[in-house]
Amino acid sequence: MRTKLLLLLACCPLMMMAESKNVSSPDGKTVVEVRVENGKATYAVTYDGVEMVQPSRLGLKSNFGDFTEGLSYVSDKEDVVEKQYDITRTKTSHVDFKANRLEMTIKNAHGQQMVVTFLVADHDIAFQYTVLRQWRNETRSIVIEEEKTAFRLPDETTAFLSPQSDAMIGFAQTKPSYEEVYSADAPMTQSSQYGHGYVFPALFHVGNKGWVLISETGVTSAYVGSHLSDYDESEGYTIAYPMKEENNGIGSTSASIALPASTPWRTITIGKTLKPIVETTIAFDPLEPLYKSSEDYKPGRYTWSWLIWQDESCNYNDQVTFIDLAAKMGYEYCLVDAWWDTNIGREKIAELSKYAQSKGVHLLLWYNSNGHANNAPQGPFNCMNTNIAREREMAWMKSIGIKGIKVDFFGGDKQQTIGLYEDILSDANKYGLQVIFHGCTLPRGWERLYPNYVASEAVLASENVFFDEGAAIREPFDLTLHPFCRNAVGSMDWGGTIMNRFMSKDNKSRHRRKTTDMFEIACAITVQTSVQCMAVQPNNLKELPKTELDLLKSLPTTWDETRFIDGYPGKYVILARRHGNQWYIAGLNGEKTLRRLTLQLPMLKGQTVSYYTDNIKGYAELKQLKVDKKGQAKVVMQPNGGIILK
């Protein structure tokens, strides 16, 4: 009998070997257990002793080796990571980051090694894989074909998710572009709309235990952008790579890397409340800038004729009108949208730019990313898809004083497409141009990686409020959801604080906006982007009360600090943002019923503040409000309304 047992042990060594390592956050509340057992690697997460992520698979497959099965522990190393950095284009201007790091080296059945690195901060986790060069003096290029990385959440969890769309569908075959409708508090078992899973970020409500936000960061030209699969009862959600149809079918769905190399970081933010979700900086914390800023890029506000006046407004005279509007409002920029190359022409654009500068305004120009990834008819074409074209175009833009570009219509998340984003950003930096992307993927730490990056759309944005009354009805839900998910992980170019009551140039026809004026003005604060679209119209100068115009002129777009005050995704949100010494408390009510709140505002305790709210006609009304010695203030938000305290 003893002989049979020894023989069994010799034949099945992996079944008898297990290695488990715990790494906790500096405050000791967030604990990650990394385990190698029975040939597989897993991790699990608890917060304050409560399970938030159940044991979930780790590993990847490549054409070089399989790191999903037959795994065994080699070694581990623990240390502390502390860094301080400044960042100018997101929810805060300075970050003090501290985390405990675990690096666990594992090997597969062939002895090939891989390191799994976990950074564990007080509410945040980031982890990545590093595939090592296996033999000295040998460079080995490999293809990462699949990840087994999974996220298993407790059964009571509900989800706030947006589906990954089919490829090459939608307007001019420009999808996927992260512009699908979000579900709210949906069961995890609910199938995604298109059968391709869900885009990042993904927000989960773990019953009465708390909240979990999952995303990824550090995606550059060295990798693909990924998303989540549909939920599987045994595996949970797993990492999914791009679809082969993306980018018009051109390029691989896998990631090609040269060893040693690391994957992007998978991120998890955990909190008993929504405060850590809203305030997280984990999208930026593990990263370092990829190049130096060529100049001090200026934040600001811009006017935009296209949102209401549409394609017909891309002519010289209408753009002069919106430049003048920007000057009257004290805004820094005016965006000239599609068709300018044919409707205005390059010589007149140079003249228009000179005129704008005489008014203290600079132009931003729209471009089609073009190439082979879409069929969008709007020009300019063939200016952003090759290095030669970009160098020529950007040198011309610099010569006439253009300060930024908005590039639209990208083909998906393949490595080839991610490389195009990076090439545009890098080349633009040489010519002092800041960059906004539309019809695009989620930014993944790009504010930190690329100093001239501003924001991405990557959301069902304001243009849909113009096109579709259904989107106008949904706007209050959308803008009370995104501070907790999409905008929590990256700057979001929503595309405009809409001040017209009706979605038309005459402000009398087509469908009506469903929000109050204060909702729209407050969303210029709750929506975070450093170059903010203020979609005021020339007629608004005569139609809006002075209280609203003065407020619209005064709003900053950069923040030194952000604090979550109150809210629930898709229902309402109250955020506090600080610009210098001035606090702005902005609130949105996403529901059709009156909401009364007692806000906890310790930063304003004992002060009398300006309180902007809605009157019964839906216009802004300015009052004075006393915040008591405990920092409490009672406010009322009208149905689909908003407030600002400052």
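Heavy-atom basis, side chains included; hydrogens, waters and symmetry copies ignored.
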Going by ring-ring contact (aromatic ring centres under 6.0 Å, His included), name the residues that satisfy it together with F477, two or more places apart in sequence or in a different chain. none

Is it the case that more than 12 heavy atoms not belonging to K275 sit under 6.0 Å from its NZ atom? yes

CG on L153 to NZ on K209, rounded to 0.5 Å: 10.0 Å

Residues two or more places apart in sequence or in another chain: which of them pass side chain to side chain donor-acceptor pair (under 3.5 Å) with E447? S491

Distance-only donor-acceptor check, side chains T263 and R266, under 3.5 Å: no

We want to know whether S226 and E216 form a side-chain donor-acceptor pair, criterion being a heavy-atom distance below 3.5 angstrom. yes

Who pairs with A488 by side chain to side chain contact (heavy atoms under 4.5 Å, CB included), at least two apart in sequence or on another chain? K91, L213

Answer whether the closest heavy-atom distance between the side chains of T562 and T92 falls below 4.5 Å. no

Beyond-backbone contact of L259 with I142, side-chain heavy atoms, under 4.5 angstrom: yes

Under 30°, 30 to 60°, or over 60°: which ring-plane class applies to H482 and W494, parallel, tilted or perpendicular? tilted

Between E288 and R448, is there a side-chain N and carboxylate O pair less than 4.0 Å apart? yes

Short question: side chain of T280, backbone of I277 - any donor-acceptor pair under 3.5 Å? no

Specify the closest pair of heavy atoms between A576 and M603, including all atoms of both residues, with the distance to one decimal. CB-CE, 4.1 Å

Minimum heavy-atom distance F160-H205, with the two atoms named: CE1-CB, 4.2 Å

Quick check: does any side chain N or O of N248 sit under 3.5 Å from a backbone N or O of I250, one acting as donor and the other as acceptor? no

D185 side, atom CG; L161 side, atom CG - distance, nearest 0.5 Å: 10.5 Å

Taking the side chain as C-beta and beyond, is there a heavy-atom pair between M384 and D423 under 4.5 Å? no

Is there a donor-acceptor contact under 3.5 Å from the side chain of S162 to the main chain of Y182? no

T217 OG1 to L449 CG distance, which is reported to the nearest 0.5 Å: 6.5 Å

Angle class for the Y421/F437 ring planes (parallel below 30°, perpendicular above 60°, tilted otherwise)? perpendicular

Heavy-atom distance under 4.5 Å between the side chains of H372 and N247, does that happen here? yes

Short question: side chain of S25, backbone of T30 - any donor-acceptor pair under 3.5 Å? yes

Any donor-acceptor pair under 3.5 Å linking the side chain of S56 with the backbone of Q54? yes

How about K244: does its NZ atom have over 12 heavy atoms from other parts shown lying under 6.0 Å from it? no

Ignoring hydrogens and angles, state whether a donor on the side chain of N387 or D427 is under 3.5 Å from an acceptor on the partner side chain. yes

Using distance alone, with no hydrogens and no angle criterion, decide if T529 and D493 have a side-chain donor and acceptor under 3.5 Å apart. no

Could you walk me through whether T157 and V212 pass side chain to side chain contact (heavy atoms under 4.5 Å, CB included), step by step? CA-CA 10 Å; T157 300; V212 175; over 6 Å; no

Donor on one side chain, acceptor on other, S294 and Y291, under 3.5 Å: no

So, R89 side chain and S93 main chain: donor-acceptor pair closer than 3.5 Å or not? no

Value rounded to 0.5 Å, distance of OG in S177 from CG in D413: 10.5 Å

Mind checking the CE-OH spacing from M52 to Y47? Nearest 0.5 Å is all I need. 9.5 Å

In short, ring pair (Phe, Tyr, Trp, His ring centres under 6.0 Å) pairs touching residues 239-280 with sequence neighbours left out are none

Check whether any side-chain heavy atom of I214 lies under 4.5 Å from a side-chain heavy atom of F204, and answer yes or no. yes

Can you tell if the side chain of I144 reaches within under 4.5 Å of the side chain of Y223, non-hydrogen atoms only? yes

Looking at every heavy atom in both S229 and A240, which two are closest together, and how far apart are they? N-CB, 4.2 Å

Heavy atoms of V219 and Y450 approach each other most closely as O-OH, 4.4 Å

Without hydrogens or angle criteria, can the side chains of Y178 and H227 be said to hold a donor-acceptor pair below 3.5 Å? no

Donor-acceptor contacts, no H, no angles, side chain residues 186-203, under 3.5 Å, sequence neighbours left out:
from: S192; atom 1: OG; to: G195; atom 2: N; distance (Å): 3.3
from: S192; atom 1: OG; to: H196; atom 2: N; distance (Å): 3.4
from: S192; atom 1: OG; to: G197; atom 2: N; distance (Å): 3.1
from: S192; atom 1: OG; to: D230; atom 2: OD1; distance (Å): 2.9
from: S192; atom 1: OG; to: D230; atom 2: OD2; distance (Å): 3.0
from: Y194; atom 1: OH; to: E180; atom 2: OE1; distance (Å): 3.0
from: H196; atom 1: NE2; to: D166; atom 2: OD1; distance (Å): 2.6
from: Y198; atom 1: OH; to: Q190; atom 2: O; distance (Å): 2.8
from: Y198; atom 1: OH; to: S192; atom 2: N; distance (Å): 3.2

Pair E235-R152, salt bridge (charged side-chain N to carboxylate O under 4.0 Å, His left out): steps then yes or no: CA-CA 6 Å; E235 293 288 334; R152 293 182 61 239; over 6 Å; no

Evaluate the side-chain proximity of Y43 to F151: yes if any heavy-atom separation is below 4.5 Å, no if none is. yes

More than 12 foreign heavy atoms under 6.0 Å from CD of E233: is that the case here? no

Tell me if a side-chain donor or acceptor on E246 pairs with a main-chain N or O of P176 at a distance below 3.5 Å. no

Taking the six-membered ring for Trp, are F118 and F127 parallel (under 30°), tilted (30 to 60°) or perpendicular (over 60°)? parallel

List the atom of I268, the atom of I270, and the distance in Å for their closest heavy-atom pair. CG2-CG1, 3.8 Å

For Q415 and S221, indicate whether the former's side chain and the latter's backbone hold a donor-acceptor pair under 3.5 Å. yes

For T238, is there any backbone N or O sitting under 3.5 Å from a side-chain donor or acceptor partner on R57? no

Under 3.5 Å, is there a donor on one side chain and an acceptor on the other for Y129 and T149? yes

Would you tabulate the side-chain donor-acceptor contacts of residues 97-104 under 3.5 Å, counting partners in other chains and residues two or more places apart, or write 'none'?
from: N100; atom 1: ND2; to: S24; atom 2: O; distance (Å): 2.7
from: R101; atom 1: NE; to: D79; atom 2: OD1; distance (Å): 2.9
from: R101; atom 1: NH2; to: D79; atom 2: OD2; distance (Å): 2.8

Going by heavy atoms in the side chains, are P26 and D122 under 4.5 Å from each other? yes

Heavy atoms from other residues, nucleotides or ligands near CG of D86 exceed 12 (cutoff 6.0 Å): yes

Can you tell me how far apart CG (L575) and CG (D566) are? Round to the nearest 0.5 Å. 10.5 Å

When you look at R563 and E279, which way does the side chain to side chain contact (heavy atoms under 4.5 Å, CB included) test go after all the steps? CA-CA 6 Å; R563 296 187 196 177; E279 298 178 11; 3.8 Å; yes

What one should report as the nearest heavy-atom pair of E179 and K175 is O-NZ, 4.5 Å

Hey, is the main chain of L425 close enough, under 3.5 Å, to the side chain of N452 for a donor-acceptor pair? yes

So, F484 versus W211, ring centres under 6.0 angstrom or not? no

